[in-house]
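Notes for the one structure printed next.
The analysis underlying the following values was restricted to heavy atoms, covering all of them including side chains, and did not include hydrogens, waters or symmetry mates. Being a predicted model, the structure only gives us computed values, none of them experimental.
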Amino acid sequence: MEGDCLSCMKYLMFLFNFFIFLGGACLLGLGIWVIVDPTGFREIVAANPLLFTGAYIMLAMGAMLFLLGFLGCCGAIRENKCLLLFFFMFILLIFLAELSAAILAFIFRENLTREFFTKELKKHYQRNNDTDVFSSTWNSVMITFACCGVNGPEDFEAIPHLPYSSMEKATPEACCQRELQSREGMFVNKEACLAGIERFQNRQGCYTVILNSFETYVYLAGALAIGVLAIELFAMIFAMCLFRGIQ
């Protein structure tokens with residue numbers, strides 16, 4: 001009876017890790033393709049800090065899942081105690097890192113306030129300076145979400161305007177309305193926007209827009225995070241049971 005249970009656990013663990021292995025391989029392949037693609041997509045990614053960071057995160061996650069699935073599959077099907085131990089240690093490290101990140105996010109949640117982002121924007125934002133990561137990222141966010149600043153265009157009143165601009169309160173180009181919400185999108189009326197005519201500006205603050213955009217996904221993300229932690233916990237238990245059951 002004990003042997004049947006271990007055999008069942010062995011094949012369940014193999015099947016579970018095989019899907020992890022396939023998912024990791026797909027993410028890894030996609031990440032590599034995005035970064036080295038010769039058809040021009042690489043330039044689009046490189047020009048957008050958010051896409052650039054996302055591509056490398058996808059690559060790292062793919063490599064991690066690929067290795068995790070490989071260790072789990074080989075350890076289970078070959079009943080290799082060494083591979084199972086590596087699998088257990090790898091899962092444990094990921095589990096502890098995720099748990100630490102969740103605890104830190106809870107502790108420092110007060111830093112994710114409207115006031116905090118407003119202060120950081122006024123302190124570090126350099127308008128159209130795309131060589132500055134902070135400014136370039138903010139410009140990408142404002143263009144993508146069709147918003148302006150944290151609270152609205154008034155956030156930029158205390159930020160020095162461009163040297164060649166004679167306007168007293170210059171609005172960043174990223175706040176101007178576009179026909180298509182991307183860096184390649186044509187401005188509706190750039191001159192009127194920079195001159196302060198409100199109907200050609202995105203007036204809503206990014207804090208409200210992003211909060212509304214992701215509000216429906218907050219509970220889903222929380223449930224998904226709990227589910228992932230639970231799966232990792234069961235994977236560790238299965239690995240240890242299999243490890244102890246192998247003669």
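By the neighbour-count criterion of 12 heavy atoms within 6.0 Å, atom CE of Met61 is sparsely surrounded, having that number or fewer from other residues, nucleotides or ligands. With a 6.0 Å radius and a threshold of 12 heavy atoms from other residues, nucleotides or ligands, Phe187 has its CZ atom above the threshold. Crowding of Phe95 atom CZ: a count of heavy atoms from other residues, nucleotides or ligands under 6.0 Å exceeding 12. Around atom CZ of Phe70, no more than 12 heavy atoms belonging to other residues, nucleotides or ligands sit under 6.0 Å away.
Centroid-to-centroid, the aromatic rings of Phe134 and Tyr125 stay 6.0 Å apart or farther.
Taken to the nearest 0.5 Å, the OH atom of Tyr207 stands 14.0 Å off from the CG atom of Leu121. Here CG of Leu96 is found 4.5 Å from CG of Leu92. Values are rounded to the nearest 0.5 Å. Separation of atoms OG1 (Thr208) and CG (Asn151) is listed at 7.5 Å; rounding is to 0.5 Å. A distance of 9.0 Å separates NE2 in His124 from NZ in Lys119, rounded to the nearest 0.5 Å. Rounded to the nearest 0.5 Å, atoms CG (Leu65) and CG (Asn17) are 10.5 Å apart. Trp138 contributes atom CH2, which lies 13.0 Å from atom CD1 of Ile143 (distance to the nearest 0.5 angstrom).
With hydrogens and angles left out, the side-chain atoms of Thr118 and Asp155 include no donor and acceptor closer than 3.5 Å.
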Evaluate the side-chain contact (heavy atoms from CB on, under 4.5 Å) criterion for residues Ile197 and Asn189: first the C-alpha distance (whole Å), next the side-chain angles of each, then the deciding distance (0.1 Å), finally the verdict. CA-CA 10 Å; Ile197 299 176; Asn189 192 328; over 6 Å; no
Run the side-chain contact (heavy atoms from CB on, under 4.5 Å) check on Asn202 and Phe145 step by step: do they pass? CA-CA 10 Å; Asn202 296 315; Phe145 289 94; over 6 Å; no
side-chain contact (heavy atoms from CB on, under 4.5 Å) for Val150 and Glu120? Distances and angles first, verdict last. CA-CA 10 Å; Val150 179; Glu120 290 297 301; over 6 Å; no
List the steps, then state whether side-chain contact (heavy atoms from CB on, under 4.5 Å) holds for Leu68 with Met64. CA-CA 6 Å; Leu68 186 65; Met64 183 181 69; 5.5 Å; no
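With hydrophobic clusters built from ILVMFWY side chains whose heavy atoms lie under 4.5 angstrom apart, Phe86 shares a cluster with Ile91. Linking ILVMFWY residues whenever their side-chain heavy atoms come closer than 4.5 Å, directly or via other members, places Ile94 and Phe243 in the same cluster. The hydrophobic cluster containing Met89 also contains Phe87, counting ILVMFWY residues as joined when their side-chain heavy atoms lie under 4.5 angstrom apart, directly or transitively. Under the 4.5 Å side-chain heavy-atom criterion for grouping Ile, Leu, Val, Met, Phe, Trp and Tyr, Phe19 is not connected to Phe14 through any hydrophobic cluster. Linking ILVMFWY residues whenever their side-chain heavy atoms come closer than 4.5 Å, directly or via other members, leaves Met142 and Phe200 in distinct clusters.
Residues Ser135 and Gln126 share a closest heavy-atom pair of OG-N, 2.8 Å. Contact detail for Leu242 and Met13: the closest heavy-atom pair is CD2-SD, 3.9 Å. In plain terms, the two heavy atoms of Cys147 and Gly205 that are nearest each other are CB-C, 3.9 Å. The shortest non-hydrogen separation linking Cys176 to Leu194 is SG-CD2, 4.0 Å.
A heavy-atom distance below 4.5 Å is not found between the side chains of Arg178 and Val188. A 4.5 Å side-chain heavy-atom check between Ile20 and Phe66 finds every atom pair outside the cut-off.
On the SG-SG cut-off of under 2.5 Å, Cys206 and Cys148 do not qualify. For a disulfide, the SG atoms of both cysteines must be under 2.5 angstrom apart; this fails for Cys193 and Cys175.
For the side-chain hydrogen bond (donor to acceptor under 3.5 Å, both in side chains) test with Gln201, the passing option among Arg203, Gln204, Glu198 is Arg203; the others fail.
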